[in-house]
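Read the numbers this way: they start at 1 and go in the same order the structure lists the ligands and their atoms. For clarity, every value in this text was computed on a predicted model and none was experimentally measured.
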Amino acid sequence: MNLIKTFGVFASLLTLCVDSLNILCILPYEGKSHFFVFKTFLLELERRGHNLTVISHFPEKSPPANYHDISLAGTSDIFEDAMPLKRNYWTLISTGLFLSWTGTANCDAMLQNKRVQGLVKNKQKFDVALVELFNSDCGLGLAYKLGAPVVSITTHILMPWHYKRFGIPDNPSYVPYHFLEGGSKPTLYQKIERIVFDVYVQTLYYYWTQRNNQNSIARYIGEVPPLEELGRQAKFVLLYHNFVLTGSRLFPANVIEVGGYHVGKAKPLTGALKDFVANAEHGVVYISFGSVVKSSTLSAEKLEAILAALDEFPQKFVWKWENETQLEGRKNLYVSSWLPQIDILAHPKTVAFFSHSGMLSTTEAIHFGVPMVAMPVLGDQPANAASIEECGLGVQIQYRELTKDSLVAALKKVLDPEYRQQVKALSKTWHDRPMSPMDAAVFWTEFAARHPNSTFRTAAADVWFYEYMYLDVLSVFVVLFSVIVWLVRLACCRARKQDVKKPKAKAKPKRH
Ligand SMILES: *[C@@H]1O[C@H](CO)[C@@H](O)[C@H](O)[C@H]1NC(C)=O
Ligand SMILES: *[C@@H]1O[C@H](CO)[C@@H](O)[C@H](O)[C@H]1NC(C)=O
Ligand SMILES: *[C@@H]1O[C@H](CO)[C@@H](O)[C@H](O)[C@H]1NC(C)=O
């Protein structure tokens with residue numbers, strides 16, 4: 001028995017050594033929440049014996065032995081508590097500009113880094129590159145220069161400009177749109193909204209961000225093929241969601257859902273928060289609008305509405321809010337600018353979550369089976385909020401509709417014991433998988449390194465737009481049909497002319 005065990009340990013050690021991969025992680029985006037997800041994955045890859053080189057704004061304070069940072073820290077502001085808590089068309093327009101601007105700037109910041117340039121100069125060998133798929137394709141150029149197969153990683157649903165390159169349908173009639181409401185059942189108005197906004201963000205992406213990225217790459221590390229082409233050559237896309245939450249979507253075989261891997265083990269609450277929650281006889285509702293939005297920018301009127309709504313409930317509320325003095329002196333509120341979200345959501349007394357429905361918060365809520373009231377602000381949040389409602393994890397409420405009454409109604413609905421039972425069942429479904437999301441993410445990364453010459457891109461990504469929409473076939477039919485119509489009309493005309501001529505033609509009996 002012992003011998004078998006020893007052999008087992010030895011064998012697994014052996015595979016660890018044999019399969020140790022050199023992995024380059026290219027994460028130039030300065031958003032803390034994105035890195036928060038990736039970090040779990042990268043540390044796990046290291047733990048499983050791989051050698052990691054991580055380009056990011058967030059160097060590890062005490063990195064494990066085979067985790068090597070190339071730090072971009074200090075080259076730009078970290079994106080946290082940066083956006084106002086409100087939503088309108090202007091928020092959308094400025095989001096588009098923000099994404100293009102940062103996608104351009106963080107590419108330059110990365111390529112100007114001497115150690116990044118050193119990787120190219122020394123032709124350092126990597127078995128696989130993990131490249132964030134978000135608002136820049138800069139990392140694809142770097143991976144190409146190093147000859148590494150690419151696995152694209154995300155922390156959210158696809159950005160609008162990513163569907164085409166992987167051949168994924170983005171039909172506005174049923175594919176939820178990242179930035180806008182409507183989910184998988186949009187109204188006609190919402191579909192029109194999607195098309196108009198899509199033209200706006202895609203134009204910005206291709207003609208501003210991607211073009212600048214291409215030029216920056218040429219300037220700092222040399223010419224590479226068109227970035228869009230390099231994007232299409234990615235081996236796999238690891239999408240950070242799962243159909244239990246986001247619904248059945250149409251993905252090719254190289255697009256893998258790995259949503260959920262970042263949620264770690266919850267710890268018991270401590271200190272004043274622990275006492276506050278323990279004394280909540282009817283449970284607590286957790287409120288947070290995430291790390292990107294500064295919640296204390298909420299207008300006085302909306303804040304008043306929320307506070308009035310909260311007073312209608314016997315539950316207590318734990319609220320992530322930056323300006324604690326603003327909410328001081330309320331017995332039913334525990335306010336702090338920083339809260340251990342996972343530990344709160346995991347607590348048995350937590351009965352609901354009023355949230356901006358960012359993908360991480362939503363993932364954590366479904367993980368622990370906490371019903372949500374989702375009030376989306378920016379990014380993919382409108383799409384997530386729609387998914388939350390469609391899958392039964394919670395209800396959504398739009399910022400413009402936020403009043404005392406609408407919030408009371410929403411909270412009442414999710415606080416219903418039957419509703420909470422249903423969400424607990426949904427959470428069980430979420431966890432029931434053939435392979436944990438972390439194992440899946442690791443597996444496909446290693447797979448890409450083992451088979452660098454294989455590509456499993458769908459043919460849909462390789463056909464021209466007119467072929468994809470079969471406009472070529474359609475035009476052949478249109479031409480054929482026109483010719484037939486023309487011939488028939490010609491024949492008819494001739495026949496009619498001859499009919500008209502007939503009486504006069506009596507003199508000429510030999511007509512045919
Ligand atoms: C691991 O990565 C570091 C940093 O890129 C590199 O210096 C080192 O040579 C790598 N180790 C192996 C065994 O390849
Ligand atoms: C916090 O709120 C109080 C009361 O509304 C206000 O006087 C103060 O300026 C705010 N502080 C910050 C840092 O916003
Ligand atoms: C991939 O293709 C290259 C070039 O054709 C070849 O040298 C290499 O051995 C191939 N790798 C694998 C794992 O088949």
Side-chain angles (χ1 to χ4, degrees), residues 10-29 35 38-75 106-107 109-132 138-153 217 220-225 229-238 253-254 256 441-457 461-462:
F10 185 68
S12 58
L13 273 178
L14 203 68
T15 50
L16 278 185
C17 298
V18 170
D19 290 347
S20 176
L21 300 170
N22 254 326
I23 303 178
L24 177 64
C25 312
I26 312 179
L27 310 169
Y29 177 62
F35 190 78
F38 296 141
K39 182 176 148 169
T40 340
F41 178 35
L42 305 188
L43 288 173
E44 180 63 17
L45 284 169
E46 195 277 345
R47 205 187 62 79
R48 296 193 190 192
H50 300 307
N51 187 37
L52 273 77
T53 307
V54 183
I55 306 172
S56 84
H57 291 265
F58 307 93
E60 272 295 285
K61 285 199 186 73
S62 45
N66 294 322
Y67 187 107
H68 311 277
D69 273 307
I70 294 183
S71 170
L72 305 176
T75 55
N106 61 32
C107 176
M110 173 169 77
L111 297 177
Q112 280 162 3
N113 185 292
K114 289 286 173 275
R115 290 183 60 200
V116 171
Q117 293 178 357
L119 295 178
V120 179
K121 266 196 209 109
N122 304 333
K123 296 198 166 57
Q124 196 161 330
K125 182 91 188 64
F126 291 100
D127 301 296
V128 60
L130 295 171
V131 180
E132 176 168 17
C138 194
L140 296 173
L142 180 58
Y144 176 83
K145 278 287 174 194
L146 297 168
V150 167
V151 171
S152 296
I153 55 177
I217 291 166
Y220 294 110
I221 56 175
E223 295 280 350
V224 297
E229 179 52 35
L230 295 184
R232 280 156 20 85
Q233 286 172 11
K235 301 294 173 188
F236 290 97
V237 182
L238 305 181
N254 64 341
I256 318 279
V442 172
F443 178 85
W444 292 109
T445 304
E446 292 173 348
F447 184 100
R450 278 198 297 269
H451 311 286
N453 296 344
S454 317
T455 296
F456 303 98
R457 179 173 68 237
D462 293 331

K.L.:
Measure the shortest side-chain to side-chain distance between Arg457 and Asp462 over non-hydrogen atoms and say whether it is less than 4.5 angstrom.
P.N.:
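Arg457 reaches Asp462 side chain to side chain.
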K.L.:
Which atoms of ligand 1 sit under 4.0 Å from any heavy atom of Thr53?
P.N.:
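Result: 2 (O), 4 (C), 5 (O).
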K.L.:
Looking at Tyr144, I'd like to know if its OH atom is crowded, meaning that more than 12 non-hydrogen atoms belonging to other residues, nucleotides or ligands lie closer than 6.0 Å.
P.N.:
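Incorrect, the count does not exceed 12.
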K.L.:
One pair to check against side-chain contact (heavy atoms from CB on, under 4.5 Å): His57 and Phe35. What are the steps and the verdict?
P.N.:
CA-CA 9 Å; His57 291 265; Phe35 190 78; over 6 Å; no
K.L.:
Within the 4.0 Å heavy-atom shell around Asn22, which atoms of ligand 1 are there?
P.N.:
1 (C), 2 (O), 10 (C), 12 (C), 14 (O)
K.L.:
Quick check on ligand 3: any N or O pairs to the protein under 3.5 Å? One line per pair.
P.N.:
from     : atom 1 : to     : atom 2 : distance (Å)
ligand 3 : 2 (O)  : Asn453 : OD1    : 3.2
ligand 3 : 2 (O)  : Asn453 : ND2    : 2.3
ligand 3 : 11 (N) : Asn453 : ND2    : 3.0
ligand 3 : 14 (O) : Asn453 : ND2    : 3.4

K.L.:
So if I count the atoms of ligand 1 from 1 in the order they appear, which ones are less than 4.0 Å from some heavy atom of His68?
P.N.:
1 (C), 2 (O), 3 (C), 4 (C)
K.L.:
With side chains defined as the heavy atoms from C-beta onward, is the minimum distance between Ile55 and Leu72 less than 4.5 Å?
P.N.:
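In short, these two side chains touch, coming nearer than 4.5 Å.
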K.L.:
Taking Ala461's backbone N and O only, do any of them form a donor-acceptor pair with Arg232's side chain (distance below 3.5 Å, no angle check)?
P.N.:
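Yes, Arg232 side chain to Ala461 backbone: donor-acceptor pair under 3.5 Å.
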K.L.:
Looking at ligand 1, does Lys125 have a heavy atom less than 4.0 Å from it?
P.N.:
no
K.L.:
Does NZ or CZ of Arg450 come closer than 6.0 Å to the centre of the six-membered ring of Phe443, within 45° of the ring's axis?
P.N.:
yes
K.L.:
Does Ser71 offer a backbone N or O that forms a donor-acceptor pair with the side chain of Asp69 under 3.5 Å?
P.N.:
no
K.L.:
Flag the pair Arg48 and Glu446 as a salt bridge only when some basic side-chain nitrogen lies within less than 4.0 angstrom of an acidic carboxylate oxygen.
P.N.:
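Salt bridge absent between Arg48 and Glu446.
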